[in-house]
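One structure below.
The structure presented is a predicted model; accordingly, all values stated were derived computationally and were not measured.
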Amino acid sequence: SSAEVRCSLCVVGIQALAEMNRWREVLSWVLQYYLGPEHLPPKILELCILLYSKVREPQVMLEVGSSWLRDQSNKSLPEYGSLLELYLLHVLLPLGRFEGAEELVYSCDVYDSERKLAFLETICERRCQWTQQEEMCSADEEQQDKARETVLGALSQKLFTMLTLLRRALRSMSSHFCLLPYKKMLLATFLLYLVVVRLDPASPTSLPFICKLVQLFRQAWAAVLSPIHRPPIQD
């Protein structure tokens, strides 16, 4: 029939997309040939669940599988029980949806009481494993936070020490530069500019400016290198 041919072609397309590592396009590509998730053939739904479970993206099939299992026409299919089990083991339990899994088992009419009890025991075991993993992850996160706080504390202490030393160095440099004769230095720089740029050093007219410049440089150099003498205190 045309439905079987379409299902077979979709199965081939799913396998081709998976081999080309284009598994993200599988679900949207399949749904364009069917009216909705509840109209998917059991074989296609099984392949999609297994594919997205293998690539560790089970949340993609969460709503699709739920819509298919809630549909009344699908509950009469012989594949309903196996697909419900597949949905529980590969979608709900890996995502930690334990309450939803228990409700689905209780509301299922295709399983007897022994099968339901076995599923509930499996759900309880997975919940205990999930809780232990969360506790281990939280403990690891606490240790990482403590280690990060320790490292940040050491770095902040080093940074504070460096800033303190830098502030002291800048303060000493500023106090030293405040003692320099700025006026004489500026005047010497201006005269040097006149001598080099505006005047000819070989010209006799530039000789007084050169002498004055040399004198100013000597005074500035002596002021920088000589010790600071405070004025005598008078009574």
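- I123 places none of its side-chain heavy atoms less than 4.5 Å from the side chain of L92.
- E85 and R115 are joined by a salt bridge, as a carboxylate oxygen and a charged side-chain nitrogen come within less than 4.0 angstrom of each other.
- In this structure, L77 and P42 approach most closely via the heavy-atom pair CD1-CG, 4.0 Å.
- Side-chain contact of Q133 with E135: a donor-acceptor pair under 3.5 Å is absent, judged by distance alone.
- L9 and I44 fall into different hydrophobic clusters, where Ile, Leu, Val, Met, Phe, Trp and Tyr side chains are chained together by heavy-atom contacts under 4.5 Å.
- Across all non-hydrogen atoms, the minimal contact from P94 to W130 is O-CZ3, 3.3 Å.
- Side chains of R70 and S66: a donor on one and an acceptor on the other come within 3.5 Å.
- The ring-ring contact (aromatic ring centres under 6.0 Å, His included) test applied to Y33 returns W29, not counting sequence neighbours.
- Atom CE of M162 sits in a sparse spot, with 12 or fewer heavy atoms from other residues, nucleotides or ligands closer than 6.0 Å.
- Between L45 and M61, some side-chain heavy-atom pair lies under the 4.5 Å cut-off.
- At a threshold of 4.5 Å between non-hydrogen side-chain atoms, the residues R127 and E99 count as touching.
- Cluster annotation: Y106 is connected to Y80 through the hydrophobic network of ILVMFWY side chains, with a link wherever side-chain heavy atoms come within less than 4.5 Å.
- The 12-atom threshold is exceeded at CD of Q32, counting heavy atoms of other residues, nucleotides or ligands nearer than 6.0 Å.
- Considering only heavy atoms from C-beta on, K75 stays 4.5 Å or farther from D109 through its side chain.
- For the residue pair L89 and L93, the shortest heavy atom distance occurs at CD2-CD1, 4.0 Å.
- Between K116 and D112, every side-chain heavy-atom pair lies at or beyond the 4.5 Å cut-off.
- Residues F119 and V105 share a closest heavy-atom pair of CB-CG2, 4.0 Å.
- Within the 4.5 Å cutoff, no side-chain heavy atoms of K54 are placed close to those of W23.
- Summarising the geometry of L95 relative to Q59, their closest heavy-atom pair is CD1-CA, 3.7 Å, with the distance given to 0.1 Å.
- Side chains of E38 and V64 form no contact here, defined as non-hydrogen atoms less than 4.5 Å apart.
- Residues E102 and L120 approach most closely at CG-CD2, 4.2 Å, considering heavy atoms.
- Linking ILVMFWY side-chain heavy atoms closer than 4.5 Å, directly or via other members, places L35 and V5 in two distinct hydrophobic clusters.
- Under the 6.0 Å distance and 45° angle rule, R6 counts as a cation-pi partner of Y34.
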